[in-house]
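Notes follow the structure.
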Amino acid sequence: MQLATWNVNSLKMRLQHVLDWLAANPVDFLCLQETKLTDDKFPQEAIEAAGYGVIFTGQPTYNGVALLYRREGGYTPEGVHLDNPLFEDAQRRVVSARFGTPAGPVRVIGAYCPNGQAVDSDKYVYKLAWFAAMQQWIRQLQQEEPGTAIMLAGDFNIAPADADVHDPEKWADGILVSKPERAALQGLLDLGMHDAFRLFEQEPKFFSWWDYRMLGFRRNAGLRIDLILVTDDLKPQVTRCWIDKGPRKLEKPSDHTPVVVEWGAGA
DNA sequence: ATGGCGAGCAGGGCTCGA
């Protein structure tokens, strides 16, 4: 099985990229972030026509997330959440469901984690509170749904380590890399979660986001901030994790590109 | 040193992202 995450920076602008990518990469699950669409404008029909069911929650202009599941896989979402139930929030950043799979039950959480804007800003305070609440929720899920693995996939807006930053000196202690942000990510890892990408040997300087400005992609001026975390019970089943730079090379690309994880026997 | 691009909303020039 495969699960992917992709911040599309407007699903209205990127719908064709998503459909084309799914046709070439028929993953079982796809988490989308920054759909930037209200629910009445969500392209549910086009996604269903592509063979996927979808759960989504949006708002005008900002945020918005979706969770696609492949119909051929026979998946049925259970225990759906359009929010972290422990964190009251008007911003639409979380979508989650539990699925039975041949490799056992999995709860998928698709997340558009806050950006934080600048260290010590109001948005930064919100970001850290948001991560603390996510940690609490996952701890609760581990108690309430024992035997169900958890995959937390999305735009984390945190580069886990300097190896995930094109120019660590320039970014040092700034937003997306600051110590409190990395501690917030570590709080999730301390629950027994693992950054799937780092379970495998990877090429250095392999990023998931590149600045639109200053030829960021051509210069590989990027960050790895799109992550898939998997719980201990899933870790032995994970067979691959990679970043697909292909969509970043298209006309009018998202500034982020998909990250994919593969797990389960006969994946 | 700064801003550089892109999207949304709205019909100009902001905000926001990372």
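Keep in mind it's a predicted model, so treat the numbers as computed, not measured. Just the heavy atoms: all of them, side chains too, but no hydrogens, waters or symmetry mates, feed the values below. We name chains A, B, ... by the order of the sequence lines, and we start the count at 1 in each one.
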If you measure from the [atom1] atom in [N] to the same atom in [M], how many Å do you get, rounded?
N	M	atom1	result
dA10(B)	dG6(B)	P	22 Å
dC16(B)	dA1(B)	P	25 Å
dA18(B)	dC5(B)	C1'	12 Å
dT2(B)	dG8(B)	C1'	25 Å
dG4(B)	dC14(B)	P	12 Å

Completion exercise
5'-most contact on DNA chain B (nearest-nucleotide basis), Gly116(A) vs Arg219(A), goes to Arg219(A)
Practice task
State the CD1-CG distance between Ile175(A) and Asn115(A), to the nearest 0.5 angstrom.
Solution key: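 Going from the CD1 atom of Ile175(A) to the CG atom of Asn115(A) covers 6.0 Å.
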Problem - Ser10(A) side chain vs Lys36(A) backbone, donor-acceptor pair below 3.5 Å - result: no
Exercise for the section: Look at the side chain of Arg93(A) and the backbone N and O of Tyr112(A), then say whether any donor-acceptor pair between them is shorter than 3.5 Å. Expected result: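 It does hold such a pair.
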Exercise for the section: List the atom of Ile109(A), the atom of Ile138(A), and the distance in Å for their closest heavy-atom pair. Expected result: CD1-CG1, 4.1 Å
Practice task
Using a heavy-atom cut-off of under 4.0 Å over every strand shown, decide if Asn7(A) touches base, sugar-phosphate, or nothing.
Solution key: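 Touches sugar-phosphate only.
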When the distance from [atom1] of [X] to [atom2] of [N] is rounded to whole Å, what number comes out?
X	N	atom1	atom2	value
Asn220(A)	dA18(B)	CG	C1'	15 Å
Trp209(A)	dG17(B)	CH2	P	13 Å
Asn115(A)	dT15(B)	CG	P	16 Å
Asn63(A)	dG17(B)	CG	P	8 Å
Tyr112(A)	dC16(B)	OH	P	12 Å
Lys170(A)	dG4(B)	NZ	C1'	11 Å
Asp255(A)	dC16(B)	CG	P	17 Å
Asp122(A)	dC16(B)	CG	C1'	15 Å

Handout entry: Side-chain N or O of Gln117(A) closer than 4.0 Å to phosphate OP1/OP2 of dG17(B)
Key =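 Checking dG17(B) against Gln117(A), a side-chain N or O does come within under 4.0 Å of OP1 or OP2.
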Problem - Distance below 4.0 Å between His256(A) side-chain N/O and dA18(B) OP1 or OP2 - result: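 Yes, such a contact exists.
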Exercise for the section: Report yes if some heavy atom in the side chain of Leu32(A) is under 4.5 Å from a heavy atom in the side chain of Arg14(A); otherwise report no. Expected result: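 The answer is no, as the side chains (C-beta and beyond) never meet within the 4.5 Å cut-off.
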Practice task
Kindly indicate, with the supporting measurements, whether the criterion side-chain hydrogen bond (donor to acceptor under 3.5 Å, both in side chains) is fulfilled by His256(A) and Trp210(A).
Solution key: CA-CA 7 Å; His256(A) 297 252; Trp210(A) 299 263; over 6 Å; no
Completion exercise
Exactly one candidate in Asn7(A), Asp155(A), Ile158(A), Val259(A) meets side chain to side chain contact (heavy atoms under 4.5 Å, CB included) with Ile225(A); the answer is Asp155(A)
Short heteroatom pairs, N/O only, protein and nucleotides 5-11 of chain B, under 3.5 Å:
| from | atom 1 | to | atom 2 | distance (Å) |
| --- | --- | --- | --- | --- |
| dA7(B) | OP1 | Arg14(A) | NH1 | 3.0 |
| dA7(B) | OP1 | Arg14(A) | NH2 | 3.2 |
| dA7(B) | OP2 | Lys252(A) | NZ | 2.9 |
| dA7(B) | O3' | Ser10(A) | OG | 3.4 |
| dG8(B) | OP1 | Ser10(A) | OG | 2.6 |
| dC9(B) | OP1 | Thr61(A) | N | 3.3 |
| dC9(B) | OP1 | Thr61(A) | OG1 | 3.4 |

